[in-house]
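Both counts, for ligands and for their atoms, begin at 1 and track the order of listing. Please read all numbers here as calculations on a predicted model, not as lab measurements.
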Amino acid sequence: MVALDVKGREEALTLANVLLGSGCWLKVGMELYAYSGPAVVRELKSLGFSIFLDLKLHDIPTTVERAMRGFVQAGADMINVHCSGGYDMMVRAASAARDEGNKLGLVPKVIGVTVLTSMSEHQFRQELGIERQLQEHVVSLAKLAEKASLDGVVASAQEAGAIRKNTTPEFLIVTPGIRPAWSEADDQMRVLTPHEALAAGSSYLVVGRPITRAEDPREALERLWVR
Ligand code: C5P
């Protein structure tokens with residue numbers, strides 16, 4: 001999944017056209033959505049891409065449920081919510097997506113965000129004041145997401161192995177924080193290479209800057225697999 005973290009429709013479409021036919025998904029996150037909204041999701045979909053709408057919903061259950069219906073109408077194939085919104089919020093998000101998706105003929109996957117891959121173990125303890133180990137927290141949120149009938153979670157590939165061991169084989173693990181050996185870590189703290197992430201049990205890899213900031217994004221996408 002290529003993270004289209006760009007400022008608006010034009011930049012997004014330029015990248016999408018370069019990536020056309022590669023088989024990748026496109027991830028529309030907060031930045032692009034802030035500038036171009038649901039219209040850009042529809043436009044990218046009409047080019048044939050599957051879309052992961054990465055807005056990380058986190059609000060009271062009723063608000064999330066109602067917003068979810070709108071995001072399903074935009075045509076997203078995958079939508080995420082923060083697991084830390086709690087069990088009830090996740091249940092309501094998943095059932096709204098199924099209900100609205102059934103009416104439209106496209107039921108998106110609903111995925112839970114565990115802990116952001118930009119967060120270090122130190123920040124997790126010092127800033128959030130959570131006493132258990134980060135990995136233990138991630139696994140516990142993933143199990144809660146599965147119980148709430150979410151389709152999977154977003155997590156660092158470093159935690160993918162532990163999540164795999166504690167959830168069913170169908171449970172999806174979407175992993176950002178992917179950095180091939182030839183790229184920079186940027187602000188990601190818990191990074192793995194594409195090969196390591198797949199070996200750890202990732203179902204989908206999310207890659208942004210190593211592709212989108214490359215001189216030739218298509219070539220960078222192909223080069224992901226170079227060790
Ligand atoms: O450029 P980079 O490869 O770091 O992009 C990673 C993408 O994945 C960004 O769009 C970021 O918002 C997203 N993401 C993340 N960590 C999460 C969930 C999503 O980095 N836990």
Quiz item: Considering only heavy atoms, does Val207 approach ligand 1 within less than 4.0 Å through its side chain, its backbone, both, or neither?
Solution: backbone
Quiz item: Of all the heavy atoms in Met30, does at least one lie under 4.0 Å from an atom in ligand 1?
Solution: no
Self-check item: Close-contact set for ligand 1 against Asp5 heavy atoms, below 4.0 Å
Solution: 9 (C), 10 (O)
Quiz item: Any side-chain donor-acceptor pair under 3.5 Å between Thr62 and Arg92?
Solution: yes
Self-check item: Candidate list Val110, Val107, Val174, test side-chain contact (heavy atoms from CB on, under 4.5 Å), partner Asp151, passing option
Solution: Val110
Practice problem: Return a yes/no value for Arg209: is any of its N or O atoms, backbone included, closer than 3.5 angstrom to an N or O of ligand 1? | Solution: yes
Exercise. State whether the side chain of Glu196 and the backbone N or O of Thr193 hold a donor-acceptor pair below 3.5 Å, judged by distance alone.
Key: yes
Practice problem: Salt-bridge test for Glu43 and Arg9: reply yes if a basic N is under 4.0 Å from a carboxylate O, no otherwise. | Solution: yes
Quiz item: Atom CE of Met119 and atom CG of Asp187: how far apart are they, to the nearest 0.5 Å?
Solution: 11.5 Å
Exercise. Give the residue, atom name and distance (to 0.1 Å) of the protein heavy atom nearest atom 11 (C) of ligand 1.
Key: Lys27 NZ, 4.1 Å
Quiz item: Of the protein's non-hydrogen atoms, which lies at the shortest distance from atom 6 (C) of ligand 1, and what is that distance?
Solution: Gln188 NE2, 3.6 Å
Quiz prompt | Heavy-atom proximity to atom 15 (C) of ligand 1, best of Leu205, Val2, Thr117 | solution = Thr117
Practice problem: Can you spot which of Val72, Leu53, Asn80 makes a side-chain contact (heavy atoms from CB on, under 4.5 Å) with Pro108? | Solution: Val72
Quiz item: Below 3.5 angstrom, do we get any N/O pair linking Gly208 and ligand 1?
Solution: yes
Quiz item: Counting heavy atoms only, which of Glu184, Arg213, Arg179, His82 is nearest atom 4 (O) of ligand 1?
Solution: Arg179
Self-check item: Asp54 heavy atom under 4.0 Å from ligand 1
Solution: yes
Quiz item: What are the atoms of ligand 1, with element, lying closer than 4.0 Å to any heavy atom of Val206?
Solution: 7 (C), 8 (O)
Quiz item: Under the criterion side-chain contact (heavy atoms from CB on, under 4.5 Å), which of Leu116, Ile79, Val154 is the partner of Lys56?
Solution: Leu116
Practice problem: Mark yes or no for whether Thr63, through its side chain, and Asp59, through its backbone, hold a donor-acceptor pair below 3.5 Å. | Solution: no
Quiz item: Does the side chain to side chain donor-acceptor pair (under 3.5 Å) test come out yes or no for Glu146 and Thr168, once each step is laid out?
Solution: CA-CA 9 Å; Glu146 186 173 44; Thr168 59; 2.8 Å; yes
Quiz item: Any idea which protein heavy atom is nearest atom 17 (C) of ligand 1, and the distance to it?
Solution: Pro176 CG, 3.5 Å
Quiz item: In terms of residue, atom name and distance, what is the protein heavy atom nearest to atom 19 (C) of ligand 1?
Solution: Lys56 NZ, 3.3 Å
